[in-house]
Structure formats: structure tokens, C-alpha cells
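As C-alpha cells, the structure follows; a few thoughts come after it.
To find a chain, count down the sequence lines: A is the first, B the second, and so on, and within it residues start at 1. A quick note: this is a predicted structure, and the numbers were derived from the prediction, not measured.
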2 protein chains.
Amino acid sequence: MVKKQLIIDKALELFAEQGFEATSVQQITEKCGISKGAFYLSFKSKGELISAMIDHFMIEITTRIDHVVNNTDDNVLLYTFYYETFQSFQKHSDFAKVFIKEQTHTIDKELLLKISYYHSLFEGAILSIIERVFGEKVKQTKYDLLYCIKSFIGIYTELNLFYNVPLDLQSLAESFVEKTNLLAKHTTIPLISAETVQSMEHPLIEEVKIEKLLEIIEQTIIETKEPIEKESLVLLKQELLEPALSPAIIKGLINNIRNNPDCKWIAYLLLHYFTFKI
Amino acid sequence: MVKKQLIIDKALELFAEQGFEATSVQQITEKCGISKGAFYLSFKSKGELISAMIDHFMIEITTRIDHVVNNTDDNVLLYTFYYETFQSFQKHSDFAKVFIKEQTHTIDKELLLKISYYHSLFEGAILSIIERVFGEKVKQTKYDLLYCIKSFIGIYTELNLFYNVPLDLQSLAESFVEKTNLLAKHTTIPLISAETVQSMEHPLIEEVKIEKLLEIIEQTIIETKEPIEKESLVLLKQELLEPALSPAIIKGLINNIRNNPDCKWIAYLLLHYFTFKI
DNA sequence: TTGACAAATGACCGACTAGTCATCTAGTAT
DNA sequence: ATACTAGATGACTAGTCGGTCATTTGTCAA
């Protein structure tokens, strides 16, 4: 669907300037050079466009960071994480702007749920990095670190996306690594405990259930042309229903699909599903 | 004007939930139990209400933090600053929510200017604290520190205002003081230089000019009943036009007016005007 | 050339918005 | 009792919004 992508692209430009609410469907269709009716042939509603847009970019960003982090040595992990995150945000800067602006501003409950889902994935990634890099040493202060890392990324966001400050991403990442290490090594007064995090009024995030996963896979099997991807998906679906294959084979099958844009989200979900399982 | 205050209070509740745009004048008047017409007797427009609201609370918060900071020893300055800031935000939590949510979201240029004006006052306060506490030692990294302190406050904001996490403000402030000291003492890789800050695309903030100051003072002289305040204002106005009095007398006159709610903003502006001058 | 079908259009709908203004009301002074 | 006035009202205007749908257009095969 090339039309869908056109609408997402043009709408994103407008959203970045004006926000969701202030941007009308009319403005979007004018920028696309299509009629208002044509918009509703691609999306059921304005909300569905926003939802699709968030999925599109967050899948892109999440899978990329995840892949890089999973294939990096512990000693440069923190640096790589910062660097790749900044890279991702820079690449999709319009989207990043919108996402940050709207996260506190949206009223729509389903959208909020979606946003907090991706946020929790991001937090999970940071926590696993903290555990890999610092381990037991930061047992008391790992949530402190989590929030500090998040707010360091926030500094980058503010400077780069909202004030257009030219920044060297490498020295930026280095600087944040230094700060993170300092805080990890010397912090004695914990700020946020595990209980504090528990007590937070998080919106209930639906676990990615196996049924949902199967549904996505089936849909993709139908749409995919490539035979290797198709067969891999069929086998992986079989594995979800009836575990039989060895970890190496599973890993291989996931690797078969992870470079296909239509499959990378499935690859991400399956990877996390099986690592948790095994 | 008790009606004006009623509208500000009720509107703030709605803004905190829904934001400026999503809240209609109708909703506000319904919540106040007044007619739509009555709203426009108190405010020229919806925008003027928002503007007045921001002034009302930011003057409150700014003057309070400024006063506390100016009357605190260097050795507990950082702690006191964090603590008082959190206190202020907690006290005006609805406003804080709105202010944070809307700062990236507003399109209205005049409003943006107002918001960045108060932001720059806040940044100025933090910078002067950094200089007092750490002095020359953080020459290279003082802007790093500025942004870290700002983002620490952002952590508090996120936890307390948006996730309603119960927090002990004292240990929170202690924890942030420790983190700030760590970063100040050991950071070797600067992130943000003075040039970086210069290059930021700040909206042009109008200096508070002497004419504007005189205007506000004259207006307040007319409105004020208290004879001491009135006379102090008259003398201070004279001093602005023709410097004659000694610093001690000026300080005394400012002290005369700074506890009066209608005058505290003038007190703040004059204090900064004269310390810069002398 | 015709018929069939999908793609695209934009006039239209009901619901909402900020802001206005002729009208009304309650309190005071004479 | 009368006249005046400041405050309050809500129907109203002019406009925007998201979304719909009867109609038109373009593209095929027969």
C-alpha cells in the first residue's frame, strides 16, 4: 500500500509541527494531494492513522536497538546503547518529536496503552543493560540508574529535537557513559526502590499472548511472497503450538525472518518469547 | 476579583486533565456555574485566561524559590533548592502538570515566549546556584550540570505528577544532591559548552525594561491600599528614574513590599535589577 | 463500443468551537 | 415609586472538525 505510506509520511510532518489534535484530516489530504474520501479508503479513522504510525516507527526503533544491544559486548554495551538510541531518534526525528510531545497529552485510552506498551519495552531493554553491565553492584540503585538513563536521553531529546543544537553523537554517548558509570559506582542514597516502581499507577499492559502472536504470524504467512520466510514462519508457528525444535534451529528460523521488514516485529516478539521460555 | 480566581481554579482542573486545546470555554463555565458571557467579562479571550494563569502561578513559584535560595547558606543550598522546588511543584501540582505538558505543545507565539521567559528565569537561578556551590571547579561542565539538575527535577515530575508515586521529598532531595555532587566532582567529558548554549534557537526574550517595570509599579501604586507599600513603591519608582538612595535603603524598601502578594513580583524584578546595577 | 467494477471525489452532515450581543435582572439612589 | 446601572445571561454567528456516501472517473475485458 503505497498510498498508506504517503499519508503516514505527510501526516507525520504536520503532526511534528502542530500535534495530533491541531492537525485536521483536511490538512493531511491537501498535503498528500488526495481527496478527503481517499483518506478514509486507507484508514478507518484519524485515530487509526495515529495508531498505525506509532506501530510503524516504534517497531522500527525497538527492533533496531534490540538487535544492536543483543549483538554487543558488555564492555561497550552502554556506549552502543546510547549511540544507537540517538541514531534512531535522529533518523526518525519527526516521529520522535511527536511521540515525546503526545505521550503526556493524549486522552485516548487505547493510544495511551499503546504508548506505554512501547515505553515498557524500552524500560525493559535499559534494565537488562544495567544488569548486564553492572550486575549485583547496583542491586539497590538499579531503578535510580534506569530513571537517570532515561532522563539523559531526555536531555539529548530536548537539545537536539527541540532546540536543534548540533551535537556529536559519539562524544555525547561517551559523556553519558561517563555520567552513568559515575552514578552506578558511587550512588549510596537510593531514590527509587523496586516497591516504588511496583506502586506506580501503570496502565495495565496486556501481555503479548501466544494467541495474539499466532494471529500476527498467520496474517504475515498469507501476505509474504518469499518462500524461505514463509516456510520459517510456518515452522515457528508449529513450534508455538507444539514445542519440538532445538534452540539452535529456532534461533536460525528467527534469523531467517528478522531482516524482512514485514517480519521483524514477529522476530522480536518470538526472540523474547523463547528466551523467556527456555 | 473573586470571579477571576474562580475561573482560574476551575479551568486549571480541566486543563490538568485535558490540556488547553481540548478544554472548551463552555466546559469551564459549566464547572464554574456561570454563563458563557460571564467568562468574557473576566477575560478577553481563552488565551488571556491561559496567560493570566501562567503568570499567576509562575510568579508564585519563582519568587518563592528565589527568596529561599537567596536566604540559604552555600553548604545546604543545593538541598534547599531541590526541596523547595519539589515543595512548590507539589503545592501547585495541577499547574505543574499543565505547564510541563503544554510547554512543547503550544503553538501560540506569545504564550511560548511567556513560557520560555519563565524557563530562562529558572535556568538562571540554577546556574547561579551552581556557581555559588561549585565555583571555578565546574567551569567546563556547568552547563552539563544545569541540564542534569533540570532532568533530575524532571524525574521527580514524572514520578510524582504523572504516576502519583508517593515520595519523601527530603530523601529525594538528599539523593539528588548526592548525584549532583558526584557529577560535579568527577565529570571529565563535557557535554554542553557555553557555545552550544549560545547556538540554541532560543526565542528572543524581551529584557524586562525599565519602562515596563515603571508601568507595572504605577499600576500597583494605584491599586494598593496599604500606606507603607504605597510609599515604598513611590520611592522605588523615583529611584528607578533618578538613582539617589543607598543600597541599604533600597533593600529595605524592597523588603517592605515583598510580602504583599500584589507586590512580590515587583520585588523580585527590582531585586534582580538593582543587584545587576550595583 | 459497451458493460462492469474499482478507485477517487467533494458536497454534505451533525457535532462541536470561540466569541458576540440584545436582553434581562437585581440592587441602589433619588 | 421611579430611574439608573453594573452584572449576568444564553441564543446566536461564523467557522472548524471528523466522518459519510451518492456520484463521477478511469481502466479493464468482452
Discussion item. If you compare every side-chain N and O of A/Lys3 against the phosphate oxygens of C/dA8 (OP1, OP2), does one of them come in below 4.0 Å?
Written reply: yes
Fill in: nucleotides 14-21 of chain C: protein proximity per nucleotide (B base, S sugar-phosphate only, - neither; heavy atom, under 4.0 Å)
---SBBB-
Worksheet item: Among pairs that include at least one residue of residues 38-57 of chain A, which meet salt bridge (Lys or Arg N to Asp or Glu O under 4.0 Å), considering only residues two or more places apart or in two chains?
Response: A/Lys44-A/Glu48, A/Asp55-A/Lys114
Worksheet item: Listed by chain and number, what are the side-chain hydrogen bond (donor to acceptor under 3.5 Å, both in side chains) partners of B/Asn260, not counting sequence neighbours?
Response: B/Glu229
Worksheet item: Quick one: A/Ile50 CD1 to D/dG18 P, roughly how many Å, whole number?
Response: 9 Å
Could you give the side-chain donor-acceptor pairs of residues 11-21 of chain A under 3.5 Å, partners two or more places apart or in another chain?
{"residue": "A/Glu13", "atom": "OE1", "partner": "A/Lys31", "partner atom": "NZ", "Å": "3.3"}
{"residue": "A/Gln18", "atom": "OE1", "partner": "A/Thr23", "partner atom": "OG1", "Å": "3.0"}

Worksheet entry | Which residues share a side-chain hydrogen bond (donor to acceptor under 3.5 Å, both in side chains) with A/Thr85, sequence neighbours left out | none
Worksheet item: Of all residues at least two apart in sequence or in a different chain, which pass the side chain to side chain contact (heavy atoms under 4.5 Å, CB included) check with A/Glu123?
Response: A/Leu146, A/Tyr147, A/Lys150
